[in-house]
Amino acid sequence: QVQLVESGGGLVQAGGSLRLSCAASGRTFSSYAMGWFRQVPGKERDFVADISRSGRNTYYADSTKGRFTISRDNAKNTVYLQMNSLKPEDTAVYYCAAGEVPTMRHSEYDYWGQGTQVTVSS
């Protein structure tokens with residue numbers, strides 16, 4: 001079992017930055033690939049980025065590539081999402097997830113956090 005807790009969300013103006021954190025407890029953090037997803041009301045949960053167990057491999061959605069950076073610190077049991085050049089369309093609840101392999105498919109992740117709201121004003 002893994003418990004995930006996101007933090008770092010908030011209100012920011014367009015063009016600004018935020019750094020989300022996801023702290024994990026429970027089983028060995030480094031044995032899980034991690035992903036970030038986001039969701040707005042009435043829509044499906046969308047893939048944002050993922051990272052391999054070691055942190056060497058990352059993958060991004062086209063909409064976030066070049067603006068967002070996913071990273072992890074296995075010693076601190078934490079995964080991060082640095083978000084720069086934020087746009088109003090980035091407004092969503094952001095979730096971190098843990099699974100066996102990094103993937104864009106949210107159904108393949110086993111554990112989820114409760115989410116953190118990110119609001120980007122124009």
Grouping I, L, V, M, F, W and Y whenever their side-chain heavy atoms are under 4.5 Å apart, do L81 and M34 come out in a common cluster?
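Per the 4.5 Å side-chain linkage, L81 and M34 are co-clustered.
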Can V93 be reached from V48 by stepping across I, L, V, M, F, W or Y side chains whose heavy atoms are under 4.5 Å apart?
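Result: no, two separate clusters.
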So how far is it from [X] [atom1] to [Y] [atom2], rounded to the nearest 0.5 Å?
X    : Y    : atom1 : atom2 : result
T91  : Q117 : OG1   : CD    : 7.0 Å
I70  : C96  : CD1   : SG    : 9.5 Å
T64  : L86  : OG1   : CG    : 11.0 Å
F47  : M104 : CZ    : CE    : 5.5 Å
S121 : Q13  : OG    : CD    : 5.0 Å
L20  : Q82  : CG    : CD    : 9.0 Å

Would you check, one step at a time, whether the test side chain to side chain contact (heavy atoms under 4.5 Å, CB included) holds for Y60 with R67?
CA-CA 10 Å; Y60 297 90; R67 299 187 299 124; over 6 Å; no
In terms of relative ring orientation, are F68 and Y94 parallel, tilted or perpendicular, with 30° and 60° separating the classes?
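Rings of F68 and Y94: tilted, as their planes differ by 30° to 60°.
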Closest non-hydrogen atom pair between [X] and [Y], with its separation:
X    : Y    : value
P102 : S52  : CG-CA, 4.3 Å
A24  : V2   : CB-CG1, 4.2 Å
M83  : V118 : CE-CG2, 3.9 Å
S17  : S85  : OG-N, 4.4 Å

Please check if the number of heavy atoms outside Y59 that lie under 6.0 Å from its OH is greater than 12.
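Count not over threshold, so no.
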Does atom NZ of K76 have more than 12 heavy-atom neighbours, drawn from other residues, nucleotides or ligands, at distances under 6.0 Å?
no
Steps toward side chain to side chain contact (heavy atoms under 4.5 Å, CB included) verdict (L4, Y109)
CA-CA 12 Å; L4 303 173; Y109 286 87; over 6 Å; no
Take R53 and S30 through the side chain to side chain contact (heavy atoms under 4.5 Å, CB included) test and state the conclusion after the steps.
CA-CA 5 Å; R53 300 177 187 185; S30 60; 5.8 Å; no
Can a salt bridge be assigned to the pair K87 and D90 using a cut-off of 4.0 Å between side-chain N and carboxylate O?
no
If the test is side chain to side chain contact (heavy atoms under 4.5 Å, CB included), which one of V79, T58, T78 qualifies with R72?
V79
Side chain E6, main chain Q114, donor-acceptor under 3.5 Å:
yes
Show the numbers, then the answer: is there a side chain to side chain contact (heavy atoms under 4.5 Å, CB included) between Y95 and R38?
CA-CA 6 Å; Y95 298 89; R38 63 188 182 186; over 6 Å; no
